Amino acid sequence: MQPPGDSSYWYVVERLDTIKRFDATDEITDTTTPVLNVQVGASGEGGLLSFAFHPDFAANGQAFLSYTVTGPDSDTLLISRATSHDGGASFDSASEKILLTLVQPFTNHDGGRIVFGPDEFFIGFGDGGSAGDPFNNAQNTKVLLSKRLRIDLDSGNPYGIPSNNPFAAGGGRCEIYTYGLPNSWQFSFDCDTGELWQGDVGQEMREEVDNIDIGGNHGWRYYEGSLALSQGLRRARPVSLASGRIRPR
């Protein structure tokens with residue numbers, strides 16, 4: 001990845017603990033420079049999972065991290081902010097501020113992707129792991145597991161909530177943008193349309209590519225793609241397919 005508006009360097013995230021950069025003019029290189037070391041716990045699918053530059057990085061030097069730490073009973077996923085005072089040549093580890101923490105009941109399905117979209121900052125969390133979402137986190141809007149979040153990093157303490165988030169006025173966690181996602185570890189915005197697309201893992205038969213809409217319920221744990229799963233048949237709601245998009249009704 002590269003900072004907004006600056007193509008001088010590429011930045012690489014290494015899962016075990018380090019963010020490095022190298023000169024973008026080097027087509028092939030084995031010379032990289034560490035810019036930040038992070039104390040992570042990398043059990044299971046954890047580790048240093050994602051890194052994102054603030055859209056106004058050139059002015060404020062801010063970048064954001066997603067990583068896990070290992071505790072005595074479970075892993076915890078952290079979203080934090082770090083600041084560079086030299087244009088990205090290094091990040092001040094002492095400047096790190098934790099913005100959000102989420103306990104993982106198991107060591108898989110962490111998710112952890114973070115992205116700045118056309119409007120605000122997006123975070124993807126998995127369902128917390130094991131298989132089949134045993135605690136039904138995906139359909140529980142009181143928890144952040146198995147959700148796509150949208151928050152405002154330029155207001156509030158430690159962050160603000162966009163007023164049109166589905167549960168901004170109550171009824172669920174105000175950070176939630178959409179829910180019902182098993183482990184959407186990768187997502188991005190279409191450069192032309194601004195649409196949010198994600199790749200998601202399956203349970204038994206199908207992987208998914210989903211178009212993410214605000215307030216959408218994408219079906220997990222009752223559906224895997226368009227297939228009803230046995231543990232959710234009694235409570236499942238029908239799913240329609242249109243133009244390759246999976247949309248629970």
Side-chain angles (χ1 to χ4, degrees), residues 1-26 29 31-42 45-70 75-102 104 110-126 144 147-162 175 177 184-189 191 194 196 198:
M1 70 190 69
Q2 294 178 310
D6 183 359
S7 59
S8 302
Y9 293 93
W10 286 103
Y11 290 75
V12 177
V13 177
E14 294 186 342
R15 176 172 170 259
L16 290 181
D17 61 6
T18 307
I19 298 170
K20 298 180 178 179
R21 78 172 187 171
F22 62 90
D23 195 315
T25 61
D26 295 335
T29 183
T31 301
T32 60
T33 302
V35 298
L36 181 63
N37 290 307
V38 183
Q39 298 298 313
V40 306
E45 296 175 0
L48 181 51
L49 301 175
S50 194
F51 178 72
F53 291 100
H54 191 285
D56 201 20
F57 176 75
N60 63 28
Q62 294 179 359
F64 297 84
L65 306 161
S66 169
Y67 62 96
T68 61
V69 294
T70 302
D75 288 353
T76 299
L77 203 156
L78 308 179
I79 306 297
S80 72
R81 180 184 67 223
T83 302
S84 173
H85 303 292
D86 52 15
S90 65
F91 286 83
D92 180 6
S93 58
S95 72
E96 185 180 13
K97 179 179 180 180
I98 305 301
L99 306 178
L100 181 65
T101 64
L102 183 66
Q104 297 288 120
D110 297 335
R113 171 80 162 158
I114 55 175
V115 172
F116 278 94
D119 58 339
E120 312 303 349
F121 182 66
F122 289 76
I123 304 167
F125 287 139
L144 298 182
K147 309 301 189 295
R148 173 80 62 253
L149 313 185
R150 181 176 66 166
I151 60 177
D152 180 358
L153 293 175
D154 294 323
S155 70
N157 184 22
Y159 52 79
I161 301 298
E175 297 95 337
Y177 182 81
S184 54
W185 60 276
Q186 187 68 276
F187 61 93
S188 61
F189 288 87
C191 294
L196 177 55
Q198 72 160 25

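FYI, the numbering just counts along the sequence from 1. None of these values were measured; they are calculated from a predicted model. Heavy atoms only: backbone and side chains are in, while hydrogens, waters and symmetry mates are out.
How far CH2 of Trp10 is from OG1 of Thr29: 14.0 Å, rounded to the nearest 0.5 Å. To the nearest 0.5 Å, atom CD1 of residue Ile19 and atom CG of residue Leu65 are 5.0 Å apart. The CD atom of Gln198 sits 11.0 Å away from the CH2 atom of Trp185 when rounded to the nearest 0.5 Å. Summarising the geometry, atom CG belonging to Asn37 is positioned 5.5 Å from atom CG belonging to Asp17; distances are rounded to the nearest 0.5 Å.
Residues Tyr159 and Phe121 keep their aromatic ring centres 6.0 Å or farther apart. Taking the centre of each ring, Phe187 and Phe189 stay at or above the 6.0 Å mark.
The side chain to side chain contact (heavy atoms under 4.5 Å, CB included) search around Thr33 returns none, not counting sequence neighbours.
Side-chain atoms of Tyr67 and Val13, non-hydrogen and from C-beta on, never get closer than 4.5 Å to each other. Leu153 is listed as a side-chain neighbour of Leu99, based on a closest heavy-atom distance under 4.5 Å. Within the 4.5 Å cutoff, the side chain of Leu16 has no heavy atoms near those of the Glu14 side chain. For the pair Leu149/Leu100, a side-chain contact is recorded, criterion being any heavy-atom separation below 4.5 Å from C-beta on. Residues Leu196 and Arg148 are in side-chain contact: their nearest non-hydrogen atoms beyond the backbone lie under 4.5 Å apart.
The backbone N or O of Ser90 sits nowhere less than 3.5 Å from a side-chain atom of Arg21 that would complete a donor-acceptor pair. A donor-acceptor pair is defined here as one N or O able to donate and one able to accept, closer than 3.5 Å; such a pair exists between the side chain of Ser50 and the backbone of Ile114. Judged by distance alone, the side chain of Asp75 and the main-chain N or O of Gln104 form no donor-acceptor pair under 3.5 Å. A donor-acceptor contact shorter than 3.5 Å links the side chain of Thr68 to the backbone of Gly41.
Side chains of Ser84 and Asp86: a donor-acceptor N/O pair is present below 3.5 angstrom, by distance only.
Partner of Phe64 under the ring-ring contact (aromatic ring centres under 6.0 Å, His included) criterion, chosen from Phe53, Phe116, Phe122, Phe91: Phe116.
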Return a table of donor-acceptor pairs under 3.5 angstrom between the side chains of residues 55-63 and protein atoms on other chains or two or more places apart.
| from | atom 1 | to | atom 2 | distance (Å) |
| --- | --- | --- | --- | --- |
| Asn60 | OD1 | Gln62 | N | 2.9 |
| Asn60 | ND2 | His54 | ND1 | 3.3 |

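For residues 112-126, the pairs satisfying salt bridge (charged side-chain N to carboxylate O under 4.0 Å, His left out) are Asp119-Arg150, with sequence neighbours left out.
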